[in-house]
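Here the structure is laid out as structure tokens; the discussion comes afterwards.
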Amino acid sequence: MMQGRAISPGRAEGEVVKIDGTFSFLGGVNASTGELNNDGRNIAGKVFVFYAGKGSTVGSFVMYDLMIHGKAPAAVVNRTAETIVTTGAVISSIPMVDGIDIDVFMEGDRVVVDGDKGTVEIKGTKTIGVVSSALLNDDGRVLMLQRPDSARSFPGRKSLVAGKIEAGEKPEDAAPREIMEETQIKVSKADASLPPIYVREGDIVWEVYPFLFRIGSQAPVLNKENVGCEWISPSEIKKDASIVPQTNDVVKRMLESMK
Amino acid sequence: MYLTRDEEGVLAGEEGESSRKAMELVVALGKIYGAEDLIDITSAHLSGASYKTIGDGGLKYLEDVVKGGARVSVPSTLNPIGMDRDRWKEMHISPAFAEKQLKIIELYKKIGVAATCSCTPYLGDNVPSMGDHVAWAESSALSFVNSYIGARTNREGGPGALASAIIGKTANYGLHIMENRKPSVIVDADIDGSVFSYSMLGQAVGMAIGGGIPYFRNIAPTVDDAKTMSAAMAASGSVAMYHVEDVTPEAGNYDISGLEVIHIGEKELKEAYDKLNTADDVQLIALGCPHLSRKEMKDIAAFLKGKKKKNKDIEIWFCTSSKVREECAEEVKIMEEFGPVLADTCMVVAPIEGVFKRTGTNSAKAGNYLPTLCSQEVACMDISKLMEVVI
């Protein structure tokens with residue numbers, strides 16, 4: 001179960017139809033059939049997942065027209081809600097949730113959207129809570145660990161200092177414990193944190209609690225969980241397959257929150 | 001978001017289904033913009049009046065709102081519609097369009113909205129006072145009342161403004177909050193002071209800054225100047241408020257030292273002009289975006305008096321509100337020699353595509369929207385220059 005933000009009330013279940021970018025209902029969909037233009041897919045009765053709305057404000061009324069024709073999506077999930085789609089969803093009584101990274105959804109996933117609680121559940125997946133901590137040293141660099149090829153999650157990739165939250169453990173307690181285990185570095189209270197983000201890996205949804213700790217000039221001593229490490233400047237954290245998804249975004253947001 | 005017990009009640013359906021839906025929308029919009037609570041409004045102005053812009057989806061929505069028994073709870077006015085209610089045939093409008101357009105007007109009336117259908121309600125039909133919280137759609141009008149009057153509104157969408165009008169409240173964020181009304185950039189303007197130069201200034205500033213709250217120095221706009229400049233800046237950019245030193249009511253509230261300064265002069269005005277001018281000749285000359293004021297009607301009539309329309313192939317439309325048309329009987333007589341004085345509509349929201357391909361206007365706002373909403377090539381220049389080809 002993923003926690004986003006409740007935008008338009010109601011609860012619905014359906015199959016995901018996903019567009020990776022922004023979407024304009026005006027010109028983007030046939031209001032009498034629900035078919036996406038130049039696409040072939042149909043959003044009628046589906047959970048329509050896209051990054052955000054764009055285009056003409058008339059788009060709200062196109063959503064209403066879909067509803068009148070019985071071709072409205074069962075629910076809408078956005079990364080970021082804006083006025084047009086929010087308005088269209090509310091007036092057309094389409095449940096809507098935002099604030100969830102849409103990378104977590106795959107085409108055809110069966111999902112339950114709860115527009116009252118602001119939650120989305122992907123059927124057949126398991127949600128596992130983890131902490132992921134950026135350690136910031138005096139040079140303004142962040143510690144990246146190299147995961148072994150045998151790692152169970154994201155093998156061979158670079159990551160922040162991450163690990164599972166144990167049963168009954170609070171995320172803010174799990175983070176210092178993992179840091180001590182993996183690097184022998186001692187931290188107390190986090191200098192920054194974010195609400196959980198969600199990362200998909202097959203049938204697992206990682207519920208990641210990000211933290212940032214200033215660690216002064218302490219040097220890491222690795223245990224067996226990682227095969228190497230390096231200090232890199234935040235601007236050098238790439239957005240590619242060499243690094244665990246969303247690391248770049250999470251570090252950037254935490255550094256901004258400290259300004 | 002914090003809701004009072006009464007507001008929670010409305011959301012729970014205690015005041016009926018239409019109020020519940022309206023509250024749901026206002027709360028959802030407040031949520032996405034981080035509003036902490038709701039605030040009472042004194043008036044609303046709604047967009048989404050032309051059948052051309054809202055289409056069948058919008059028409060059905062309004063029918064359902066009426067069925068739900070909704071009534072506005074604050075004075076509310078409406079934006080221009082797609083045609084003059086009586087003279088639509090002169091605008092080459094089809095009977096099918098006219099029928100749906102008239103239906104839309106009737107639906108708004110049933111909700112209690114005054115169907116004055118103008119984009120300049122602040123000139124008489126709906127005039128907020130300084131400090132009033134209002135929920136206005138229509139980007140040019142809301143920028144005018146924020147800036148020139150000191151009323152407070154965000155850029156509402158049509159259904160959001162209607163929902164606010166029904167419950168008498170809007171979400172408290174953005175320009176409703178004093179500290180968000182402070183200037184973000186200083187604009188030192190060098191213009192000749194004609195109404196058209198204010199249109200180009202607005203265009204140039206929108207192009208230069210996109211959004212934000214400009215603080216103008218070195219200009220002294222009249223109501224008509226501010227009307228056209230507000231419209232231009234909201235169309236070429238997303239400016240919903242500005243200040244003018246020694247002119248607008250809130251300009252003196254702020255310490256502007258340290259703000260970035262941009263200069264708009266001959267070069268920038270030329271760039272703005274070039275961007276808008278894409279047609280060499282025109283088939284229609286349309287004035288009144290935003291709707292012509294009484295003073296503009298007088299100026300145009302004075303300019304046309306004693307002249308003859310020579311080129312009969314070019315149509316001329318003068319667009320204004322019913323109110324101004326009634327008040328300017330003498331001027332209307334002179335102007336009608338050149339073309340119809342149309343009430344409660346304009347060339348942007350009327351379905352002129354398919355009838356005309358090239359339109360002349362003195363409005364930078366129309367210059368922005370005619371290509372996208374009406375598939376027109378545009379000549380954008382001041383009135384005397386536009387009229388050279390017909391008189």
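Below, chain A is the first sequence line, B the second, and so on; all start at residue 1. Just so you know, these numbers use all the heavy atoms, side chains as well, and skip hydrogens, waters and symmetry mates.
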Would one find more than 12 heavy atoms of other residues, nucleotides or ligands at under 6.0 Å from atom [atom1] of [X]?
| X | atom1 | result |
| --- | --- | --- |
| Glu99(B) | CD | no |
| Lys71(A) | NZ | no |
| Arg110(A) | CZ | yes |
| Glu8(B) | CD | yes |

Exercise for the section: Tell me, out of Asp56(B), Leu373(B), Asp64(B), Thr372(B), who's got the most heavy-atom pairs with chain A below 4.5 Å. Expected result: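 Ranked by heavy-atom pairs under 4.5 Å with chain A, first place is Asp64(B).
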Handout entry: Pairs of heavy atoms under 4.5 Å with chain A: top-ranked of Val65(B), Leu29(B), Thr53(B), Leu59(B)
Key =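 Counting heavy-atom pairs under 4.5 Å, the top option is Leu29(B).
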Handout entry: Check: Lys31(B)/Thr86(A) side-chain N/O donor and acceptor closer than 3.5 Å
Key =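 Result is no, nothing qualifies.
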Exercise for the section: Would you please say whether a donor-acceptor pair under 3.5 Å links the side chains of Tyr33(B) and Thr83(A)? Expected result: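 There is such a pair (donor and acceptor under 3.5 Å, judged by atom type) between the side chains of Tyr33(B) and Thr83(A).
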Practice task
Tell me, out of Ile68(A), Val62(A), Ile84(A), who's got the most heavy-atom pairs with chain B below 4.5 Å.
Solution key: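 The residue among Ile68(A), Val62(A), Ile84(A) with the greatest pair count is Ile68(A).
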Exercise for the section: Tell me, out of Ala89(A), Gly88(A), Ala6(A), who's got the most heavy-atom pairs with chain B below 4.5 Å. Expected result: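 Ranked by contacts with chain B, first place is Ala6(A).
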Exercise for the section: Let me know if Thr80(A) has heavy atoms under 4.5 Å from chain B in its side chain, its backbone, both or neither. Expected result: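 The answer is neither part of Thr80(A).
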Practice task
Answer with side chain, backbone, both or neither: which region of Ala31(A) has an atom nearer than 4.5 Å to a non-hydrogen atom of chain B?
Solution key: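 No part of it gets close to chain B.
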Practice task
Return the minimal non-hydrogen interatomic distance between Val90(A) and Lys21(B), and the atom names on each side.
Solution key: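 Nearest heavy atoms, Val90(A) then Lys21(B): O-NZ, 2.5 Å.
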Practice task
Rounded to the nearest 0.5 Å, what's the gap from CD1 on Ile7(A) to CD on Glu24(B)? Could you check?
Solution key: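 Between Ile7(A) CD1 and Glu24(B) CD, I get 12.0 Å after rounding to 0.5 Å.
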Exercise for the section: Mind telling me whether Tyr64(A) and Tyr61(B) have parallel, tilted or perpendicular rings, with 30° and 60° as the class edges? Expected result: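 It falls in the perpendicular class, over 60°.
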Exercise for the section: Would you check if Ile32(B) and Arg5(A) make a side-chain contact, meaning some heavy-atom pair closer than 4.5 Å? Expected result: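 Counting from C-beta outward, Ile32(B) and Arg5(A) do come under 4.5 Å.
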Practice task
Using a 4.5 Å cut-off on heavy atoms from C-beta on, say whether the side chain of Thr87(A) contacts that of Leu25(B).
Solution key: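 The answer is yes, as the side chains (C-beta and beyond) meet within the 4.5 Å cut-off.
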Exercise for the section: Could you give me the CA-CA distance, side-chain angles and deciding distance for Met67(A) and Lys60(B), then say whether side chain to side chain contact (heavy atoms under 4.5 Å, CB included) is met? Expected result: CA-CA 10 Å; Met67(A) 186 266 286; Lys60(B) 281 173 199 143; over 6 Å; no
